[in-house]
Amino acid sequence: MPGRNFLHIPGPTIVPQRIRNAMAIEQEDMRAADFPEFTLPLFNDLKKIFKTETGRIFIFPSSGTGAWEAAISNTLSPGDKVLMSHFGQFSMLWVDMCRRHGLDVNAIEMDWGEGVPVDRYAEILKADTNREIKAVFATHNETATGVKSDIPGVRKALDEADHPAMLYVDAVSSLGSLDFRMDEWGVDLAVSGSQKGFMLPTGLGIIGVSEKALAARESATLPRTYFSFDDMIAANDNGYFPYTPNTIYLRGLRESVNMLMEEGLDNVFARHTRMAVAVRKAVAAWGLSLVARDEKWYSDTVSAVRVPEGFDGNEVARHSYKYYNVALSISLGKIAGQAFRIGHLGDLNEVMVMTPLNAAEMSMKDLGIDIEPGSGVAAAQEYLRSTRQARF
Ligand SMILES: *Cc1c(COP(=O)(O)O)cnc(C)c1O
């Protein structure tokens, strides 16, 4: 089939040509004398993306799930009490990982479409007068439902209870796309991956670790080898890695960080908001709603669009891929089939974000969903035109 495939799922995201060029290189010696001249500034610049000055960055050759495991296994001990909440596939898997690590998990179940229950966290932390809770977990952006949570609110709940628990944040589908402030929000472990906002292929688990979390590893007894912070620190301090790093991806990451810094993080965030609003205008014009229950939960990186009863959202995604060569994302777990998802993060501009809207609209119409042809695209166009910005 001529023409290109369009990838509009919430990760992996589109890898821009600049990054692909940066990765189209020879293998290199990861023990070369000049390798640290490359790696040390990269670690340093990543701190700017996480917005941390006092924290430390680790890069593991893994997907985001590996970075979760690094966060947990380096800082906690079996039986430690942790406070979590789940409201989608990813927050649920994080709970599962903590359980499998033998932690004593208090996991609050929320409706899919809501986010971290900040008020419940506040009550539980206040009631924990013996300070038994060691860690509080929050999924910043639940990719399965398109729900963004209030991380500063979680910090406030901890502070108001004067509670010393560490704060673990899954920022995999938010970092580099949505406002994220590791130091200001007092995040102790900020977990990310390469294939979302960093616009790279899957394969790097990137994690920001506070001084407090680094200190916690001294008494934490969960086993860790591959994901050991200690081994990483010993090698990273000199600009090297304890085992063979994926140098190609690191070169790609360098380019990604350059791109984010050249655009300016605030502009990156504003662009994501604008693309997300365009998508939401289209959804409203179709007469459909999002899985996210309320405006305060709306994610600016992914939208899960509910299809009317009697229709299958996953069929919309399959149809779009089969007939129009546009990959939309299926819905997972508890809401499987009730929605389809549009990823709108990473390397994206106005006309690019129109593509999944176009394909979704055609697919829904083909499948008999009662929407006005062109209505979503028109609404998105209207918004993008009225907020247009000159490129130069
Ligand atoms: C993508 C993602 C992950 C990590 O998934 P991997 O497939 O292991 O990279 C974790 N949490 C969220 C919220 C995600 O979007």
Notebook entry, point to check: Is the number of heavy atoms from other residues, nucleotides or ligands within 6.0 Å of NZ (K51) greater than 12?
Noted result: yes
Item checked: Reported CD1-to-CZ distance for the pair I206 and F43, which is rounded to 0.5 angstrom -> 10.0 Å
Check: Would you call D300 and R280 a salt bridge, taking side-chain N to carboxylate O under 4.0 Å as the test?
Finding: yes
Next item on the list: Could you grab the distance from atom CD of Q27 to atom OG1 of T244, nearest 0.5 Å is fine?
Entry: 10.0 Å
Next item on the list: Answer yes or no: is there a side-chain heavy-atom contact under 4.5 Å between I233 and L214?
Entry: yes
Item checked: R388 and E350 ion-paired at < 4.0 Å -> no
Check: Tell me, do N246 and F60 make a side-chain contact under 4.5 Å, heavy atoms counted?
Finding: no
Item checked: Reported CD-to-CG distance for the pair E255 and L250, which is rounded to 0.5 angstrom -> 13.5 Å
Check: Do V169 and L189 come close enough that some side-chain heavy atom pair is under 4.5 Å?
Finding: no
Note to self: Less than 4.0 angstrom from a charged side-chain N to a carboxylate O is my criterion; do R318 and D312 meet it?
What the structure shows: yes
Checklist line | With K126 via salt bridge (charged side-chain N to carboxylate O under 4.0 Å, His left out) - residues at least two apart | finding: none
Next item on the list: Could you tell me whether D370 atom CG has more than 12 heavy atoms of other residues or ligands within 6.0 Å of it?
Entry: no
Next item on the list: Answer whether the closest heavy-atom distance between the side chains of D45 and K48 falls below 4.5 Å.
Entry: yes
Note to self: Could you check whether E28 pairs with R251 (Lys NZ or Arg NE/NH1/NH2 to Asp/Glu carboxylate O, under 4.0 Å)?
What the structure shows: yes
Notebook entry, point to check: Considering residues, nucleotides and ligands other than Y321, do more than 12 of their heavy atoms fall under 6.0 Å from its OH?
Noted result: no
Next item on the list: Keeping the roles fixed (side chain from S91, backbone from T139), state whether a donor-acceptor pair exists under 3.5 Å.
Entry: no
Check: Are any of the side-chain heavy atoms of F198 and L253 separated by less than 4.5 Å?
Finding: yes
Next item on the list: Can you measure from CD (Q195) to OG1 (T202) and round to the nearest 0.5 angstrom?
Entry: 4.0 Å
Next item on the list: From the options N106, L125, D104, select the one residue that forms a side-chain contact (heavy atoms from CB on, under 4.5 Å) with I133.
Entry: L125
Note to self: Counting only heavy atoms not in K47 (residues, nucleotides, ligands), do more than 12 fall under 6.0 Å from its NZ?
What the structure shows: yes
Notebook entry, point to check: Any link between V268 and Y298 through a network of hydrophobic side chains (Ile, Leu, Val, Met, Phe, Trp, Tyr) touching at under 4.5 Å?
Noted result: no
Note to self: For a 4.5 angstrom cut-off between non-hydrogen side-chain atoms, does V136 reach V154?
What the structure shows: yes
Item checked: side chain to side chain donor-acceptor pair (under 3.5 Å) involving H163 - partner list, sequence neighbours excluded -> D128
Margin query: Using 0.5 Å steps for rounding, measure from the OG atom of S63 to the CD atom of E69.
Written below: 10.5 Å
Note to self: Hydrophobic clusters here meaning ILVMFWY residues chained together by side-chain heavy-atom distances under 4.5 Å, can you tell me if M110 and V82 are in one?
What the structure shows: yes
Item checked: OH/Y323: more than 12 non-hydrogen atoms of other groups inside 6.0 Å -> no
Notebook entry, point to check: Looking only at atom types and distance, does a side-chain atom of N349 sit under 3.5 Å from a main-chain N or O of M352, one as donor and one as acceptor?
Noted result: yes
Checklist line | Heavy atoms of other groups near R131 CZ, more than 12 under 6.0 Å | finding: yes
Note to self: Please check if the number of heavy atoms outside E262 that lie under 6.0 Å from its CD is greater than 12.
What the structure shows: yes
Checklist line | T39 side chain to G239 backbone, donor-acceptor under 3.5 Å | finding: yes
Check: Should the ring pair W286 and F340 be called parallel, tilted or perpendicular, given that the plane angle runs from 0 to 90° and is split at 30 and 60?
Finding: tilted
Notebook entry, point to check: Does the K212 side chain pair with the main chain of P164, one donor and one acceptor, at a distance under 3.5 Å?
Noted result: yes
Notebook entry, point to check: Taking C-beta and beyond as the side chain, do M362 and H319 meet within less than 4.5 Å on heavy atoms?
Noted result: no
Margin query: Any carboxylate oxygen within less than 4.0 angstrom of a Lys/Arg side-chain nitrogen, looking at K334 and E109?
Written below: yes
Next item on the list: Could you tell me which non-hydrogen atom of A171 sits nearest to which non-hydrogen atom of S192, and how far apart they are?
Entry: O-OG, 3.9 Å
Notebook entry, point to check: Tell me, do S303 and R341 make a side-chain contact under 4.5 Å, heavy atoms counted?
Noted result: no
Margin query: Is there a path of hydrophobic side-chain contacts, each under 4.5 Å between heavy atoms, that joins L175 and I207?
Written below: yes
Next item on the list: Indicate the atoms forming the closest heavy-atom contact of H8 with I14, along with that distance.
Entry: CE1-CD1, 4.2 Å
Item checked: Distance-only polar pair, side chains of D366 and Y324, donor-acceptor under 3.5 Å -> yes
Next item on the list: Determine, for F6 and R4, whether the Lys NZ or Arg CZ falls below 6.0 Å from the six-membered ring centre while staying within 45 degrees of the axis.
Entry: yes
Notebook entry, point to check: Are Y249 and I19 connected in a single hydrophobic cluster, I mean Ile/Leu/Val/Met/Phe/Trp/Tyr linked by side-chain heavy atoms less than 4.5 Å apart?
Noted result: yes
Note to self: Between W94 and Y168 (judged by ring centroids, cut-off 6.0 Å), do the two rings come close enough to count as a pair?
What the structure shows: no
Notebook entry, point to check: Can the ring centres of F58 and F227 be said to be less than 6.0 Å apart?
Noted result: no
Notebook entry, point to check: Is L345 reachable from V172 through a run of I, L, V, M, F, W or Y residues, each pair having side-chain heavy atoms under 4.5 Å apart?
Noted result: no
Checklist line | E132, CD: over 12 other non-hydrogen atoms inside 6.0 angstrom | finding: yes
